[in-house]
Amino acid sequence: MHSLFDDEPPVIRVALPVPLTRCFDYILPPNLQNTYLPLGARVRVPYRNRTLVGVVMARQVSPDIPLEKLKPLTEVIDDASLLDDHQLALAKWLARYCHGPVGEVISMMLPAPLRQGAAAHIQEETYWMATQSGRALEPEKMHRAPKQAELLRALQKHQQPVAATMLRSLGFTSTQMAALEDKGLAERYLQSRHLEGRDHETPSVLAEIPLQLNDDQKHVVSEVTGQLGQSEVFLLEGVTGSGKTEVYLQVIEAVLKQGRQVLVLVPEIGLAPQTVNRFKKRFSVPVMTLHSGLNDKERLDAWLLARDGRAGVLIGTRSAAVTPFKDLGLIVVDEEHDASYKQGDGIRYSARDLAIVRGKMLSCPVVLGSATPSLETLHNATEKRFQWLKLTQRVGSSVQLPDIYLHDIQNKKLTNGIDGGLLQVMRTHLEQGGQVLAFINRRGFAPALMCHDCGWVSDCPFCDARMTLHREPPRLHCHHCDSVSAIPHQCPKCFNSELKPVGSGTERMEETLEQAFKDWPVFRVDRDTVSKKGMMEKLLARVNTEEPCVLVGTQMLAKGHHFPGVSLVVVLDADGGFYSSDFRGLERMGQLLTQVAGRAGRERRKGKVVVQTHRPDDPLLKLLAQHDYSEFSRCLLEERKDTLLPPYSFMAIIRAEANQSDLVSGFLTDVVQAAAPVTSQIEGLEVTGPVPSPMERRFGRYHMQIWLICDRRGPLHQGISCLLELINRHPLQRKVRWSLDVDPQELI
DNA sequence: AGCACGCCGACT
DNA sequence: GTCGGCGTGCTC
Ligand SMILES: [Zn+2]
Ligand SMILES: [Zn+2]
């Protein structure tokens with residue numbers, strides 16, 4: 001709105017990274033009134049007694065507080081919009097969805113240097129390339145300038161521009177480079193080092209010939225490429241080895257040929273160099289990555305190159321979902337069911353869901369790929385909101401699905417978590433020259449230490465949990481609060497000197513298997529071994545020799561790296577999903593088991609999977625053993641429908657914690673009771689709680705939650721707004737930390 | 001969230 | 001007398 005009077009100073013509305021769900025207005029001082037200041041540009045503003053970086057959300061606003069209370073802004077940082085209209089619309093959408101401040105959402109979207117006000121310009125470096133006449137000239141003829149001749153000879157060897165820094169490290173000087181330029185023999189280029197001489201404007205997109213597709217793949221590629229420019233969501237369901245990646249590559253190729261950009265989302269661990277290299281090898285356009293392994297500068301460059309349309313393909317983990325693009329033509333979400341797509345703190349968004357929202361806003365297709373789609377996605381596909389495409393044929397004729405055996409351990413005495421019969425199966429397999437993969441879902445030596453005389457257990461002093469016994473290095477370690485203590489030599493309660501480890505983790509399994517198989521090496525892969533630098537590379541090299549060995553580890557082994565020599569996979573604790581307090585426990589178990597099975601015998605020989613279970617007759621487990629994830633998921637969906645849980649309802653959780661349990665319960669009880677007159681009138685909305693979290697005490701703090709479940713999103717958000725309003729007015733706000741999670745993935 | 005302001009106990 | 005504990009209020 002324009003000001004009522006012309007002499008009133010122009011006021012702008014700024015989103016700031018503060019936890020207050022409103023924007024702040026500032027006066028544009030006279031000296032900045034002629035500065036170009038578009039929406040989405042960053043400004044520096046005074047805020048209380050400090051200065052903050054904010055983003056312009058509106059101009060020429062009439063402030064809701066008296067004009068004399070407004071402060072003038074300090075500085076305009078961007079001379080052009082930093083975030084375009086779509087990016088701002090996305091931020092607003094996410095802020096509404098999370099019931100959070102748009103300023104915090106925007107702050108989350110920006111790489112750290114931009115948050116702090118750094119210039120939004122790609123650092124360009126000088127590159128040199130021989131011109132046509134430079135290539136035609138024989139350097140030997142340059143008698144009077146031997147150094148320049150040598151430089152020209154070096155440049156002639158390359159078809160691509162060579163970095164000036166590289167030439168300098170070879171002993172050439174800038175004067176020599178400039179001299180060649182003056183003679184028209186060399187040309188200078190300014191470009192980002194990350195582009196590796198590639199250019200998105202390139203006329204040819206391909207750097208190699210694509211693979212031949214089978215009929216399934218051809219059908220999928222033509223379906224998706226036939227609907228480019230439309231906001232369609234595709235579920236691409238393809239079993240392990242059905243050639244999903246090649247389908248992605250060929251759909252991406254079609255988008256790149258239109259001169260548009262592509263975003264590829266991958267799980268946290270999925271960003272293996274081999275995946276990225278496959279993309280770089282296929283395309284001649286710049287392929288950038290964005291993941292947690294990059295430093296601030298690298299992240300900023302990737303972000304800017306995507307925003308400026310200079311990156312053709314961006315492959316990234318969760319946070320890449322909020323990267324701006326100049327002309328986005330396709331989003332691929334690989335392993336869409338993966339839990340790492342959900343941000344667990346701060347702005348709790350799902351990268352997969354955000355991808356779908358962006359697709360709708362930009363009219364671009366979204367491809368969700370998985371061998372084990374989430375129930376949410378399957379439900380959307382069944383309801384025809386997504387187009388359901390399937391890859392049923394496995395690529396390569398020799399590849400067969402492994403046989404899966406459910407190994408009954410009811411009434412069996414296990415030695416350190418493994419049955420003697422199963423050890424024999426492993427031995428036979430090793431004798432035949434095969435590699436074995438053994439999964440166990442717990443790190444450490446044993447999940448607890450116990451006194452058999454008085455019943456003392458290694459409880460964590462800060463959590464409702466046992467401290468895990470570790471041998472490397474020896475310690476008791478709580479996996480929930482990270483507190484560490486020495487291993488007691490005798491029982492702290494009765495002084496009995498015999499304390500027994502209870503249950504097995506990866507370390508104990510490693511030891512057990514080492515003792516059982518003296519002739520073959522046993523390698524452990526879990527967070528503790530992988531974090532040691534260079535260990536993983538060394539291990540991969542050893543395992544890739546395909547000499548017989550045993551790999552024991554956590555889920556980490558199932559994701560990421562593929563081991564071609566493995567033909568026996570052993571799952572030691574499959575029953576966890578049955579006893580999980582989370583209604584998604586079984587779904588996760590099915591996805592993990594299917595993924596694990598895909599690790600057995602993908603090449604050459606047929607694989608075998610053995611699953612230790614107390615429930616060999618369980619119908620769901622049997623379905624998984626028959627490679628029937630579809631029927632398995634159909635059964636689970638049936639169950640969710642009966643219990644009216646997601647995806648048959650929408651859910652939100654309000655979590656709260658404090659150092660005293662009565663503070664949390666008092667706080668949440670007040671809120672629920674005060675809201676009841678309103679929430680009980682909202683049709684279909686169910687408010688449950690406060691209830692203690694599955695592990696009430698964690699790190700000395702008491703956790704409780706309120707559940708909101710509703711059959712429609714609208715009333716759910718109405719209920720949330722009502723509760724949050726009361727929370728924000730509650731006097732205990734200072735002592736209780738709380739958060740809202742819409743569409744939670746974890747119920748903890 | 002942050003950060004100032006303000007009001008009480010125990011220190012030089 | 002003052003240093004610092006944290007309860008309270010506000011941020012354009
Ligand atoms: Zn004891
Ligand atoms: Zn703990």
Side-chain angles (χ1 to χ4, degrees), chain A residues 1-5 7-33 35 37-78 88 91-92 94-95 98-110 112 114-117 343-349 654-660 662-664 666-667 670-671 699-701 724-741:
Chain A
M1 278 290 109
H2 280 275
S3 302
L4 219 48
F5 305 102
D7 49 276
E8 278 183 13
V11 175
I12 59 161
R13 188 152 289 170
V14 180
L16 294 175
V18 288
L20 298 167
T21 320
R22 65 191 131 109
C23 287
F24 293 86
D25 296 341
Y26 288 90
I27 291 171
L28 199 56
N31 63 320
L32 291 175
Q33 279 172 22
T35 313
L37 183 58
L39 299 185
R42 285 171 303 160
V43 289
R44 223 182 281 276
V45 295
Y47 182 78
R48 190 87 185 205
N49 55 350
R50 57 209 164 114
T51 64
L52 293 177
V53 174
V55 168
V56 182
M57 299 304 286
R59 283 169 306 186
Q60 295 174 320
V61 294
S62 23
D64 356 310
I65 59 166
L67 206 58
E68 55 272 21
K69 283 199 152 185
L70 298 191
K71 291 179 182 175
L73 68 93
T74 319
E75 184 197 352
V76 175
I77 299 173
D78 297 303
L88 290 177
K92 285 181 194 163
L94 187 51
C98 296
H99 294 255
V102 71
E104 288 208 322
V105 172
I106 287 175
S107 162
M108 180 272 294
M109 285 177 156
L110 300 178
L114 294 183
R115 270 200 298 261
Q116 284 137 40
Q343 171 112 62
D345 56 342
I347 305 293
R348 294 167 196 263
Y349 66 97
I654 294 172
R655 289 178 251 258
E657 63 178 272
N659 49 17
Q660 283 170 278
D662 54 328
L663 286 176
V664 201
F667 176 75
D670 287 353
V671 170
F699 207 11
R701 295 179 68 80
L724 291 197
E725 225 169 273
L726 289 158
I727 281 178
N728 282 318
R729 285 207 303 264
H730 195 104
L732 278 175
Q733 258 249 49
R734 300 243 150 211
K735 301 204 164 184
V736 179
R737 273 232 299 269
W738 64 272
S739 64
L740 168 72
D741 193 349

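Sequence lines set the chain letters: A, B, ... in the order given, protein chains first and strands last, and positions in each chain run from 1. Keep in mind it's a predicted model, so treat the numbers as computed, not measured. Note that these values count all heavy atoms, side chains included, but never hydrogens, waters or copies made by symmetry.
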**Message:** For A:Met109, is there any backbone N or O sitting under 3.5 Å from a side-chain donor or acceptor partner on A:Arg115?
**Reply:** no
**Whole-Å gap separating P (C:dT11) and CD1 (A:Ile65)** = 7 Å
**Request:** For A:Leu20, answer base if it contacts any base atom (sugar-phosphate contacts may also be present), sugar-phosphate if it contacts only those atoms, and nothing otherwise; contact means non-hydrogen atoms under 4.0 Å.
**Result:** base
**Prompt:** Rounding to a whole Å, what distance do you find between A:Phe24:CZ and B:dG2:C1'?
**Reply:** 12 Å
**Message:** Looking at every non-hydrogen atom in both residues, tell me the closest pair between A:Cys98 and A:Ile347 and how far apart they are.
**Reply:** SG-CG2, 3.8 Å
**Point-to-point distance, once rounded to the nearest 0.5 Å, from OG of A:Ser62 to CZ of A:Arg13** = 7.5 Å
**Item:** d(CZ, A:Arg729; C1', C:dG9) in whole Å
**Value:** 17 Å
**Request:** Could you tell me the separation between the CG atom of A:Leu70 and the CD1 atom of A:Ile65, rounded to the nearest 0.5 Å?
**Result:** 5.0 Å
**Prompt:** With a 4.0 Å cut-off on heavy atoms, is A:Asn49 in touch with a base, just the backbone sugar-phosphate, or nothing at all?
**Reply:** sugar-phosphate
**Message:** Expressed as a whole number of angstroms, how long is the span from A:Tyr47:OH to B:dC3:P?
**Reply:** 11 Å
**Message:** When you compare the side chain of A:Lys735 with that of A:Phe667, does any pair of heavy atoms fall below 4.5 Å?
**Reply:** no
**Item:** A:Glu104 CD to B:dA1 P, straight-line distance once rounded to whole Å
**Value:** 9 Å
**Request:** Would you classify A:Arg734 as touching base, sugar-phosphate or nothing, given that sugar-phosphate means primed atoms plus P, OP1 and OP2, and contacts are heavy atoms under 4.0 Å?
**Result:** base
**Item:** Selected nucleotide, minimal atom distance to A:Arg22 side chain, candidates C:dG7, C:dC12, B:dA4
**Value:** C:dC12
**Item:** Interatomic distance where CG belongs to A:Asn659 and C1' belongs to C:dC6 [whole Å]
**Value:** 14 Å
**Item:** Atom-to-atom span, CZ of A:Arg737 to P of B:dG2 - whole angstrom
**Value:** 12 Å
**Message:** Once you apply a heavy-atom cut-off of 4.0 Å, does A:Pro63 come out as touching a base, just sugar-phosphate, or nothing?
**Reply:** nothing
**Request:** Rounded to the nearest angstrom, tell me the gap between atom CG in A:Asn728 and atom P in B:dA1.
**Result:** 11 Å
**Prompt:** Within the pair A:Lys69 and C:dC12, is there a side-chain N or O less than 4.0 Å away from OP1 or OP2?
**Reply:** no
